[in-house]
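Letters go in sequence order (proteins before strands), and every chain restarts at 1.
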Number of protein chains: 2
Amino acid sequence: MSNDPDIDTIRSDFIEKTGLISQSEGLPRIAGRIFGMLIFDGQAVAFADLATKLEVSRASVSSSIRLLEERGLIKRMTKSGDRQDYFRLATDPYATMLQGLQKRTQANRDEIAETIQSLPANSEAADRLNEYAKFHESKSAAIIVALETIRAAAPTSSEPQNAVLKEHQND
Amino acid sequence: MSNDPDIDTIRSDFIEKTGLISQSEGLPRIAGRIFGMLIFDGQAVAFADLATKLEVSRASVSSSIRLLEERGLIKRMTKSGDRQDYFRLATDPYATMLQGLQKRTQANRDEIAETIQSLPANSEAADRLNEYAKFHESKSAAIIVALETIRAAAPTSSEPQNAVLKEHQND
DNA sequence: AGGTTTGTTCAGTTTGAACTGAACAAACTG
DNA sequence: CAGTTTGTTCAGTTCAAACTGAACAAACCT
């Protein structure tokens, strides 16, 4: 009993999923939906289309776009003869996501390590804090492993399909 | 110029840190502070002490405790001759945390895999969704590695230090 | 029995992030 | 030049989660 849903439904469902997943990873839901849309559609999407297709305000698109750009997950492009901005996924967004996660995890570990340093030498709490630090350390180390796995799997970057689109140079 | 802060300041700072870290991992801040307090103090802490020392309502303690118990991160204990509930860290809370994270990550991967399955055979989006799925897959695999690392480092469970405290048997 | 202690539940408040509309500046068009 | 398009900014709103106070039930005490 396969009731083949049409492609638009699949697409919307996927976009909602990425919205929820991103939310659980600390990004606003709209940013996740934009990310999902760029994954699904593949081609560069115009700013106005993001707002209309996702049924959100341009202001929301603007701020979510900024977040995604800051994190290095998407790239802004221009199209000659078109005044709008276009957006596509960055070259290796997943490696970048893992890298960000790894840095934050490592920063947490370092903060705990600092606390341990500041403890009096004989403190019996040190061992327990150290276990907590080791937890973050293992997590960080594991993410580095995942990074290597991902980079090994996708070493060559794919060229932009649309020759008319050009990378936008920031500052 | 080391201006040795006193132990209580170190303790409070650590508890605040765990609150923030836990918050970034999707737990309420108070739950993180409880967790931090149990790490630092080592001994089982009474319910009332959690509320007073963290300066929050008993209701907040109750709901955060429930969350932490559900996730298997802390254990409820009783003390003979004392009507209060006491709490301590579960035996291996860090492994449990990683396990939870791994399951959620794997669930995300599976959902994306389902979406790919439902796509028409010739869909050119499939490759891109598959990269996204692989990302979650690598992350999941890496967490399993971290789990093994942690379990190898702390294989033997430490006995409860206080012989008067007893495991509380739920249902 | 009545009174206390203890933890939970629930309705309501608080809080902070997400989101919007409107004003705005910059870049373009005619 | 005035008028349009485009993206950003900012003040204000909305919304969901966190948190609280108070009522409550259960277990204990006297």
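Counting heavy-atom neighbours within 6.0 Å of E55(B) CD, excluding the residue itself, gives a total of 12 or less.
In this structure, of dT29(C), dC19(D), dT9(D), it is dT9(D) that holds the atom nearest to the side chain of A59(A). For R83(A), the side-chain atoms get nearest to dT6(D) when compared with the rest of dT6(D), dT8(C), dA27(D). Of the candidates dG7(C), dC19(D), dT8(D), the closest approach to any side-chain atom of R29(B) belongs to dC19(D). With dT20(C), dA23(D), dT29(C) as the candidates, the nucleotide lying closest to the side chain of R58(B) is dA23(D). Comparing dA18(D), dG7(C), dT9(C) against the side chain of R66(B) picks out dT9(C) as the nearest. For R76(B), the side-chain atoms get nearest to dG7(C) when compared with the rest of dG7(C), dT9(D), dT8(D).
Rounding to whole angstrom units, CD of residue E55(B) and P of dT20(D) are separated by 10 Å. As rounded to whole Å, 16 Å separates atom P of dA17(C) from atom CD1 of I30(A). Atoms CG (D49(B)) and P (dT5(C)) sit 15 Å apart, rounded to a whole Å.
The residue I65(B) sits apart from the nucleic acid: no heavy atom pair falls under 4.0 Å.
For dG30(C), the paired base is dC1(D) (Watson-Crick or G-U wobble, both distances below 3.5 Å).
Between Y94(B) and F135(A), the two ring planes are parallel [angle under 30°; tilted spans 30° to 60°].
For D41(B) and R11(B), the salt-bridge test passes: some basic side-chain N is under 4.0 Å from an acidic carboxylate O.
Both F47(B) and S57(A) sit near DNA chain C, but only F47(B) has its closest nucleotide nearer the 5' end. Each of V61(A) and S63(B) was matched to the nucleotide of DNA chain D holding its nearest heavy atom; the match closer to the 5' end belongs to V61(A).
Following chains of ILVMFWY side-chain contacts shorter than 4.5 Å, one cannot reach V145(B) starting from L101(B), and the two form parts of different hydrophobic clusters.
Of the side-chain N and O atoms in S60(A), none sit less than 4.0 angstrom from OP1 or OP2 of dC19(C).
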